[in-house]
Asks: 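Quick one: the structure is below, and I'll ask about it shortly.
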Amino acid sequence: MIKPISSWQNPNNHLEQLLTTPWYRALNKIFSQILLLTHDFYKTENITPTIFPITTGSVSSPFGLGSDSLPVKINIKNNDMYLADSMQFSLEIATRLNEKGAYYIMPSFRGENTDARHLNEFVHSEVEIKGDLNDVMSLAERYIKYLIRGLKDTCAKEIAEVCGTTEHLDNVLNKPFYKIRFEDAMRELSDMPDAFKELDKDLYAITSVGEHALVDKYGDFTWITHMPYKSVPFYQAKEAGTDFSMTGDLLAGIGETLGCGQRVLSSQDAINSLDEHNVDKSGYQWYIDMRNIQQVQTSGFGMGIERFILWLLKHNDIRDCTLLIRDHNKIIFP
RNA sequence: UCGGGCAUAGUUCAGUCGGUAGAACAACGGACUGUUAAUCCGUAUGUCACUGGUUCGAGUCCAGUUGCCCGAGCCA
C-alpha cells in the first residue's frame, strides 16, 4: 500500500519526501499521463491547444453574491495586475479564432488560504467551444471518461496500491453521469437545513454539506445544473424565462471537481448581466466589444486536476496532490 | 475575506491580584569514567512581537499594527 505523507505540513523538508517516496512517484506518473491524455483527447475532438499570458487586468472570479473569491494581485514596475485565476476569457477569444474551440492546461492562481480542498496554485484544465450548455456538459463527460480509461491502462497498478481497488473507475465508466437541476436538488434535500444557505432574500446556494449529500445519493460524477442566475458570475447566460443560469457543476469525491457554463451571447446580454450583477463595467468593456466584433455562442468548463486526482486516489487532502508545495503565505524553496 | 485563539530564553512552555523575568531541554565551562559518549557540578540566557494609552508602576489592563494557528466562507 502507498500512503501520502503530508509533507506540505513542513515545506522545507518536502524535497526529500518528493524525491524518495512512492506516493510522489505515483503522483508524478499520474500527472504526466493526465497531460498526455488531455492532449490526445482534444486531438480526437479537433479542439485546438493554446497558450496565453499568465498576468491579466481582467479577473473572472470575484463576482456574484455567492462569491468573495480573491484573485492574486501582483505589482510589476509599479503597475497593479493579477495572476490569472482562470484562462476562460482568453479561451473565449481563442475559440473565435478556431473552428471548434480551444483548450489549455496550466496553473491558475487563487488568493484564498489553502486547506484540504483548496490550493493557491492548481492545475487548471479548461476548454471553450462553440456550442451550448448541453454540448459542453457532454464534452466534459467524454473528457473525464477518456481520462479514466487512459489512466486504467497506464496507472492501474499505482491507483490500486493507493486505494486498494480500481473498482471506482469502472463504476463511473459504466453509466452516464446523473443530472439534477439546482431547484430539484433543493427540494430533495429540503429536510437537510445545512445543505443550502441563503445568500440574499430568496437566493440560495448549495453548501459543501449539500454537495456531499448529492454525491452520497447519486454517486460520483453527479451534475448539479442551472444554479440561480444571481449567484453565478455575470458571464454565465440566463436560462430563458427563469431566474436560473445555464451552468453545471460536476460533483465527485470531496465536492465540485469541474464547473461549466454557457456564456452570454450578445453584447446587450453582457451589458444587462453586468448591470444585474452590479459589476463595474470599466474592466469589461472589451468583453462587450468582442460580442459586437464577432457574436458567437460559446460554452466552456474548467476542471481542477488535483481535485480529479483526489477522487482518482480516493484521498481527502488536496495538499498531498501537488508535486511542489505552494502556499502564498510562505516563501518556499524550491 | 469574516470569526475565534496565540505571540515570553536557541526550543517547548510557566508567569497567580498590575509590584525588579522562571523551569525543562538544548548550549557553554569544569569534574569524573578505559572515552564516537554518559553522569555529576557549575554558567549565561531575554528589546516579554511592534506602536501608543491607562497607571506611582505594565509581560500582565486598553487600543491599533504585524505575524502565526484553528474554524468558516469561497471556489476547481
Side-chain angles (χ1 to χ4, degrees), chain A residues 8-12 31 34 38 59-73 82-89 91 103-128 136-137 140 143-144 147 182 194-200 203-212 215 220-224 227-228 230-233 235-236 245 247-261 277 300-312 315-319 321-322 326-332:
Chain A
W8 50 267
Q9 287 172 354
N10 195 349
N12 292 328
F31 259 112
I34 289 175
T38 297
V59 291
S60 58
S61 63
F63 303 119
L65 284 165
S67 171
D68 56 357
S69 168
L70 294 168
V72 178
K73 198 173 186 180
Y82 300 97
L83 295 175
D85 59 322
S86 157
M87 276 291 154
Q88 180 204 313
F89 287 157
L91 286 170
Y103 75 97
Y104 164 106
I105 183 161
M106 279 271 286
S108 280
F109 302 83
R110 296 288 165 90
E112 290 87 5
N113 292 331
T114 59
D115 63 24
R117 300 176 57 216
H118 298 84
L119 294 168
N120 282 156
E121 302 184 22
F122 66 96
V123 180
H124 212 172
S125 180
E126 296 189 274
V127 64
E128 190 82 11
V136 81
M137 281 173 64
Y143 175 53
I144 284 175
L147 288 183
F182 178 88
D194 294 341
F196 291 84
K197 61 173 178 178
E198 191 167 18
L199 301 174
D200 205 354
L203 181 66
Y204 292 87
I206 191 165
T207 65
S208 62
V209 173
E211 290 181 350
H212 265 107
V215 170
D220 281 325
F221 296 104
T222 292
W223 286 106
I224 178 166
M227 266 66 78
K230 284 270 178 70
S231 76
V232 302
Y235 46 77
Q236 309 287 30
S245 62
T247 55
D249 283 353
L250 190 55
L251 310 178
I254 58 156
E256 185 178 347
T257 300
L258 179 152
C260 71
H277 289 84
F301 73 73
M303 182 168 86
I305 293 298
E306 293 87 348
R307 288 215 178 152
F308 175 75
I309 291 175
L310 221 41
W311 169 80
L312 186 76
H315 190 47
N316 55 21
D317 198 316
I318 202 164
R319 291 167 291 193
C321 300
T322 61
R326 284 296 177 269
D327 179 336
H328 291 168
N329 295 312
K330 299 185 176 88
I331 295 173
I332 296 171

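Chain naming here is simple, since letters A, B, ... match the order of the sequence lines and numbering starts at 1 in each. Because the structure is a prediction, the values reported are computed rather than measured.
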Asks: Rounded to whole Å, how long is the line connecting atom OH of A/Y143 with atom C1' of B/A76?
Replies: 12 Å
Asks: If you measure only the distance, is there a donor-acceptor pair under 3.5 Å linking the side chains of A/Y204 and A/S231?
Replies: no
Asks: Under 6.0 Å between ring centres: does that hold for A/Y235 and A/F89?
Replies: yes
Asks: Take atom P in B/C28 and the same atom in B/A37, then report the distance between them in whole Å.
Replies: 12 Å
Asks: Identify the two heavy atoms, one from A/I305 and one from A/S125, that lie closest to each other, and give their separation to 0.1 Å.
Replies: CD1-CB, 3.8 Å
Asks: Roughly how far apart, to the nearest Å, are B/G67 and B/U55 at atom C1'?
Replies: 29 Å
Asks: Between atom CZ in A/R117 and atom P in B/C75, what is the gap in whole Å?
Replies: 10 Å
Asks: With rounding to whole Å, what would you report as the distance between B/C25 and B/A38 at their P atoms?
Replies: 13 Å
Asks: Is B/U16 paired to anything, Watson-Crick or G-U wobble with both distances less than 3.5 Å, and if yes, which nucleotide?
Replies: none
Asks: B/G10 pairs with which nucleotide, Watson-Crick or G-U wobble, both distances below 3.5 Å?
Replies: B/C25
Asks: Measure the distance from CD on A/Q236 to C1' on B/C75 and round it to the nearest whole Å.
Replies: 13 Å
Asks: Give a yes or no answer on whether the side chain of A/D249 reaches the backbone of A/G259 with a donor-acceptor pair at less than 3.5 Å.
Replies: no
Asks: Over all strands shown, is A/L119 touching base, sugar-phosphate only, or nothing at heavy-atom distances under 4.0 angstrom?
Replies: base
Asks: Go through the steps to decide whether A/H118 and A/R307 satisfy the test side chain to side chain contact (heavy atoms under 4.5 Å, CB included), and finish with yes or no.
Replies: CA-CA 9 Å; A/H118 298 84; A/R307 288 215 178 152; 3.6 Å; yes
Asks: Could you state the atom-to-atom distance from CZ of A/R326 to C1' of B/A76 in whole Å?
Replies: 19 Å
Asks: Given atom CD of A/E126 and atom P of B/C75, what is their separation to the nearest angstrom?
Replies: 15 Å
Asks: Distance check, C1' atoms only: B/C68 and B/A49, in whole angstrom units.
Replies: 11 Å
Asks: How long is the line joining CD of A/E112 and C1' of B/A76, in whole Å?
Replies: 11 Å
Asks: Rounding to an integer number of angstrom, what distance separates B/U43 and B/A23 when you compare their P atoms?
Replies: 11 Å
Asks: Could you check which residues of residues 247-255 of chain A get a heavy atom under 4.0 Å from RNA chain B? Sort them by number, please.
Replies: none
Asks: Strictly by Watson-Crick or wobble contacts shorter than 3.5 Å, is anything paired with B/U35, and which nucleotide is it?
Replies: none
Asks: Between B/C69 and B/G29, how far apart are the C1' atoms? Round to whole Å, please.
Replies: 39 Å
Asks: Could you tell me which non-hydrogen atom of A/L119 sits nearest to which non-hydrogen atom of A/R110, and how far apart they are?
Replies: O-CB, 4.2 Å
Asks: Any donor-acceptor pair under 3.5 Å between the side chain of A/R110 and the base of B/A76?
Replies: yes
Asks: Kindly assign one of parallel, tilted or perpendicular to the pair A/F308 and A/F221, based on the angle between their ring planes and the thresholds 30° and 60°.
Replies: tilted
Asks: Specify the separation, in whole Å, of atom CD1 of A/I206 and atom C1' of B/C75.
Replies: 14 Å
Asks: Taking the minimum atom-to-atom distance to the side chain of A/E211, which one of B/G73, B/C75, B/A76 wins?
Replies: B/C75
Asks: Once you apply a heavy-atom cut-off of 4.0 Å, does A/H118 come out as touching a base, just sugar-phosphate, or nothing?
Replies: base
Asks: Please state the P separation for the pair B/C56 and B/C17 - nearest whole angstrom.
Replies: 22 Å
Asks: Could you please name the partner base of B/U54, counting Watson-Crick and G-U wobble pairs only when both distances are under 3.5 Å?
Replies: none
Asks: Starting at atom CD of A/Q88, determine the distance to atom C1' of B/C75, rounded to an integer number of angstrom.
Replies: 14 Å
Asks: Pick the P atom in B/A21 and in B/C50, then give their distance to the nearest Å.
Replies: 15 Å
Asks: For B/C40, which nucleotide in any strand shown is its Watson-Crick or wobble partner with both distances under 3.5 Å?
Replies: B/G30
Asks: Does any nucleotide pair with B/U1 by Watson-Crick or G-U wobble geometry, both distances under 3.5 Å, and what is it?
Replies: B/A72
Asks: Does any N or O in the side chain of A/T207 come within less than 3.5 Å of the main-chain N or O of A/A205, such that one atom is a donor and the other an acceptor?
Replies: no
Asks: Strictly by modelled atom types, are A/S86 and A/E126 linked by a side-chain donor-acceptor pair under 3.5 Å?
Replies: yes
